[in-house]
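Notes to accompany the following structure.
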Amino acid sequence: MTTKKIVLLDGNSLAYRAFFALPLLTNDSGIHTNAVYGFTMMLQNILKEEQPTHLLVAWDAGKTTFRHSTFSEYKGGRQKTPPELSEQFPYLRKLLTAYNIPQYELENFEADDIIGTLSRTASAESAETVVISGDKDLTQLATESTTVCITRKGITDMEMYTPEHIEEKYGIEPLQIIDMKGLMGDASDNIPGVPGVGEKTALKLLKEYGSVEKVYESLDAISGKKLKENLTNNEEQAFMSKQLATIEVNAPLTIGLQDLSYSGPNEEQLTALFKELKFTTLLEKMGVEAEAPEPVEEIEVVTKHKVTNADLSDQMAVHLEMMDDNYLTSDLFGIAMTNGETVFYVPMSDVKEDEELKTWLANPEKQKLTTDAKALYAALAAIDIPVSGIDFDLTLAAYIVNPSLSFDDVSEAAESIGWNGIQKDASVYGKGAKKAVPAEDIIAQHAGTKAVAVWNLQETVSEKLKQNEQYELYHNLELPLAKILGKMESTGVKTDLDILQKIGTELSGRLEFLESTIYEIAGQSFNINSPKQLGVILFEKIGLTPIKKTKTGYSTAADVLEKLAPEHEIIEHILLYRQLGKLKSTYIDGLSKEIHEDGKVHTRFQQALTQTGRLSSINPNLQNIPIRLEEGRKIRAAFVPSEPDWIMFAADYSQIELRVLAHISQDEKLIEAFRAGADIHTKTAMDVFGVAKEDVTSNMRRAAKAVNFGIVYGISDYGLSQSLDIPRKEAAEFIETYLKSFPGVKQYMDDIIQDAKQRGFVSTMMNRRRYLPDITSSNFNLRGFAERTAMNTPIQGTAADIIKKAMIDMDHRLEKEDLQARMLLQVHDELIFEAPPEELEQLKKIVPEVMESALELNVPLKVDSAYGASWYDTK
DNA sequence: AAGTTCACG
DNA sequence: ACGTACGTGAACTTG
């Protein structure tokens, strides 16, 4: 016989919590689902953690309760429930029905009172009870057998209030929580309390006297003139407040514990509801395969082992099918093609032999429409099949329409434009250990549906792009860039394994020594890489004072450790261990594994990923190779030219983001500074600190630099205070002075936020868009984040536009001048090339020239260049 | 799979 | 009162 375990949930409170904790998710029928989703997550968590035998969700019944007859303004002044939440309540009810979880509400009473009454009944039977709410008032219900869990941050993090915990935290008993509320009131419920009495005073009084009644009995003994006066003048209010805060434990319920038994959900109803709400992750967790969308029409895909000229039209959708997402290393299955009439599939072994098909692929006059142009260029280049004339890229087009929709699968890109005809790769090939190559006809069918989707979507998407004035951006910037990036990826960067290994051996030695030093100081061995274990050593064993906390415990991040360094000798060793460990694992071991047989690394540039229009780099990431510290910078010596005696050549934009800001904001002083060729951080320091150029100290320049960074990121006093390690107030003053000095910037910041609110998105100079739905959120955090994004994205995004344009111009120029130099990498504001030494003088002239004239701004763009025998030497 | 940390612009 | 600087990717630990 199992013992009873009763769980009582405060429905309204948890729904609110879920709603505000999560962004406003909308499913495709336009219903908001964030509260239902969050609530479901909480519920699943509770069911798993608590394993209840009995369960109830209590709801607030209506607007007025018996408390309103005591105090008509009870819960007054509250903002009304947002409609986006209200519309979700019916779904919450449905959810609970599907779970077979009893729900209850009672006229004139609040959920609290239902929970209070049931918890007392349960206590009488000494059944173990857990109360869950977001409202701290309920902690008054804690007893030996009743634990009250209050949601903390997010949706699954709870603080458990037992009588012991309350004693520890407040130094009072659970029932005294009522007295505490009586004295201090509760702004959210509009309970007045006693003016001038907050938590501290309330607790002090209660520890001394025990209750509101006792406080008033002992009024004469209370010290503090003002306090005594406030108490005296508000006696009635204090007692009323206490009454309001008291949860009714004898509500006239029409149900009892016997009605609460829980024995699991109705799987069928639950799956149906999750499907309706499009909770695909939850469905997958339940083991229900996400429903493969029905193909719009059954298409016939013919497998051909040889194509004829009759099969090849002037314009065709071409899709290269493979199982892995890394097209540079994956086995290639074959190519599916369609001209809107027939669909055929050619296995790769046949493609390689098919001269007619290869000629067609290489012919720029034959238009190819595809799902991923760069993959087609690069993957086929790797097996010596040149491709030319790609005129449409579905993924790229969908990304330009809305970069926030992330697609790791063509089916998702197609779905974003309303095409549900493609099965997920994961459901065709399986995932994880179950992934396997299916029969050829299945591959052919799958590849065929993708080609068909591309063919059918081309017009719709192009139309959409034209409507948004984004067709230029897509067709004349991103699409040509895809070809260039493909070329860069297949070229690759020669990587000297010997150099990596030499650095690696040295690092291993130092790491071993550091490890033993750390263990010796700590007096024990432990995993230094585990923040959890390290936290125990530093903050419990050694007894250092924690500065910051994370969700899971003490923070041991570098900025925290740096502050602790003077306190204990172990810290500097840990910092060095971390620094060197990072180099070893990510940049020596990780990078070495990525070197292909040709002695090169072939990164892939993600072109349809970032929210701002930047590229990203994976397998390996060559956009974050160390440079700031000399030890790490040495890694760059391993990146060398792929031809004997060639050189590496690098060119980077100087202050491109601040120049873009100067242009966009039209701030006269900023523009003037750049036109005059001034050192922008020094100039900022002169203005912010009001001193002459000669009097700018290095510290002032450092602060000004941080302010400039902050401006670009979308400034906040908190952020700046963190970066400069100064009080927030001082940071706020810096910002104010800055914005007074550069009024055009201030104007821009204000305008762009207004603009984002009005249009729902911000855009770059080349009309790249980023939608910011949170900009109108009532949630302070979400809104703040969206506002900073609104300020930053046009700047970062325009800089991305500019370098992309420069890459296209550069590619043309190298060809026109018939140079052997090859573009290898892009690192956001710099381009890296390899070239024969005889082209050096020409590159020194051409590269900066092309980059500087990529886009005309009302300030000059400035490019610095350097060269050397390795990437390390381009300084 | 999520959280933490740290490398870059 | 809230609690963040903007944009990424990789390695590692832990649940």
Side-chain angles (χ1 to χ4, degrees), chain A residues 20 48 153-154 156 187-188 281 284-285 403 432 526-535 548-561 574-575 578-591 593-594 603-606 609-629 631-633 635-636 652-653 655-657 706-707 709-724 728 731 735 770 778-797 799-800 803 825-830:
Chain A
F20 286 110
K48 193 173 120 210
K153 269 191 287 200
T156 47
S188 70
T281 15
E284 270 171 39
K285 255 195 207 160
F526 63 101
N527 187 343
I528 308 170
N529 282 325
S530 160
K532 194 177 166 188
Q533 293 180 35
L534 179 61
K548 226 168 38 179
K549 277 197 288 190
T550 67
K551 270 184 216 168
T552 51
Y554 313 110
S555 169
T556 65
D559 62 325
V560 172
L561 295 188
I574 290 168
L575 282 166
R578 281 246 180 98
Q579 188 202 324
L580 302 184
K582 178 87 177 180
L583 294 178
K584 180 75 169 62
S585 67
T586 305
Y587 298 103
I588 301 294
D589 300 342
L591 209 49
K593 279 184 224 147
E594 297 283 353
T603 187
R604 272 145 50 237
F605 291 103
Q606 305 256 65
L609 183 138
T610 71
Q611 301 302 298
T612 54
R614 276 188 174 183
L615 302 173
S616 90
S617 158
I618 55 168
N619 299 125
N621 180 354
L622 293 182
Q623 290 182 322
N624 72 345
I625 303 300
I627 189 167
R628 290 172 193 167
L629 301 172
E631 270 159 326
R633 190 174 197 159
I635 305 275
R636 294 184 169 223
D652 70 296
Y653 284 108
Q655 308 291 356
I656 189 169
E657 292 188 336
V707 172
F709 268 98
I711 292 294
V712 168
Y713 291 156
I715 197 104
S716 80
D717 50 5
Y718 183 86
L720 183 64
S721 76
Q722 287 297 302
S723 111
L724 282 175
R728 204 163 95 179
I735 295 168
R770 181 175 189 177
S778 54
N779 180 313
F780 176 92
N781 269 324
L782 292 178
R783 193 178 61 248
F785 191 74
E787 287 173 354
R788 292 194 297 277
T789 312
M791 299 186 255
N792 170 264
T793 297
I795 301 172
Q796 193 183 115
I803 193 164
L825 296 173
Q826 186 250 49
V827 191
H828 311 306
D829 64 355
E830 68 176 319

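In what follows, every chain begins at residue 1, and chains take the letters A, B, ... in the order their sequences are listed.
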dT13(C) - base-pair partner by Watson-Crick or wobble geometry, distances under 3.5 Å: dA2(B)
May I ask you to say what Ala800(A) touches in the nucleic acid, namely base, sugar-phosphate or nothing, with a heavy-atom cut-off under 4.0 Å? nothing
Just the rounded figure in Å: distance from P of dT4(B) to CG of Leu575(A). 19 Å
Under 4.0 Å, counting only non-hydrogen atoms across every strand here, what does Phe785(A) touch: a base, just sugar-phosphate, or nothing? sugar-phosphate
CD1/Ile715(A) to CG/Asn792(A) distance, rounded to the nearest 0.5 angstrom? 11.5 Å
Students often get this wrong, so: under 4.0 angstrom with heavy atoms, is Ile625(A) touching a base, only sugar-phosphate, or nothing? sugar-phosphate
Is the phosphate of dC8(B), meaning OP1 or OP2, less than 4.0 Å from a side-chain N or O of Arg628(A)? yes
Ile618(A) backbone acceptor or donor facing Thr603(A) side chain under 3.5 Å: yes
Using a 4.0 Å heavy-atom cut-off, does Ser721(A) contact any base of the nucleic acid, only the sugar-phosphate backbone, or nothing at all? nothing
Please give, in whole Å, the distance from dG3(C) C1' to Leu782(A) CG? 12 Å
Can you tell me how far apart CG (Leu561(A)) and CG (Leu575(A)) are? Round to the nearest 0.5 Å. 5.0 Å
So does Phe526(A) have more than 12 non-hydrogen atoms from other groups sitting under 6.0 Å from CZ? yes
Under 3.5 Å, side chain of Gln611(A) to main-chain N/O of Pro403(A), donor-acceptor pair present? yes
Any idea which of dT5(B), dG9(B), dG3(C) is nearest the Asp829(A) side chain? dG9(B)
Quantified in whole Å, what is the P atom distance between nucleotide dC6(B) and nucleotide dG3(C)? 23 Å
Taking only side-chain N and O atoms of Arg578(A), does any of them lie within less than 4.0 angstrom of OP1 or OP2 on dC6(B)? yes
Between dC8(B) (P) and Glu657(A) (CD): distance, integer Å: 17 Å
Exam field: side chain Gln606(A) to backbone Ser616(A), donor-acceptor pair closer than 3.5 Å: no
Could you check how far CZ of Phe709(A) sits from C1' of dG7(C), rounded to whole Å? 13 Å
Kindly say whether Gln826(A) contributes a backbone atom to a donor-acceptor pair with the side chain of Gln623(A) at under 3.5 angstrom? yes
dC6(C) base / Gln796(A) side chain donor-acceptor hit below 3.5 Å: yes
Touch class at under 4.0 angstrom, heavy-atom based, for Ala731(A) against every strand present: nothing
Could you tell me whether the side chain of Thr556(A) and the main chain of Pro531(A) form a donor-acceptor pair under 3.5 Å? no
Check the distance between dC6(C)'s C1' and Ile656(A)'s CD1 and give it to me in whole angstrom. 16 Å
Main-chain N/O of Asn619(A) paired with Arg604(A) side-chain donor or acceptor, under 3.5 Å: no
What does the B/S/- profile of nucleotides 8-15 of chain C look like, 5' to 3', with a 4.0 Å heavy-atom cutoff to protein? SBBSSSSS
Rounded to whole Å, CZ of Phe605(A) lies from P of dC8(B) at a distance of 17 Å
Contact class for Val712(A) vs. all strands (heavy atom < 4.0 Å): base, sugar-phosphate, or nothing? nothing
Applying the Watson-Crick and G-U wobble criteria at under 3.5 Å, what pairs with dG7(C)? Answer none if nothing qualifies. dC8(B)
In whole Å, what separates the P atom of dG3(B) from that of dT4(C)? 14 Å
Separation of Asn792(A) atom CG from dT4(C) atom P, in whole Å? 18 Å
Name the closest nucleotide to the His828(A) side chain, picking from dA5(C), dG3(C), dG9(B). dG9(B)
Could you check how far CZ of Arg788(A) sits from C1' of dG7(C), rounded to whole Å? 13 Å
Looking at Thr552(A), I'd like to know whether one of its side-chain N or O atoms comes within less than 4.0 Å of OP1 or OP2 on dT4(B). yes
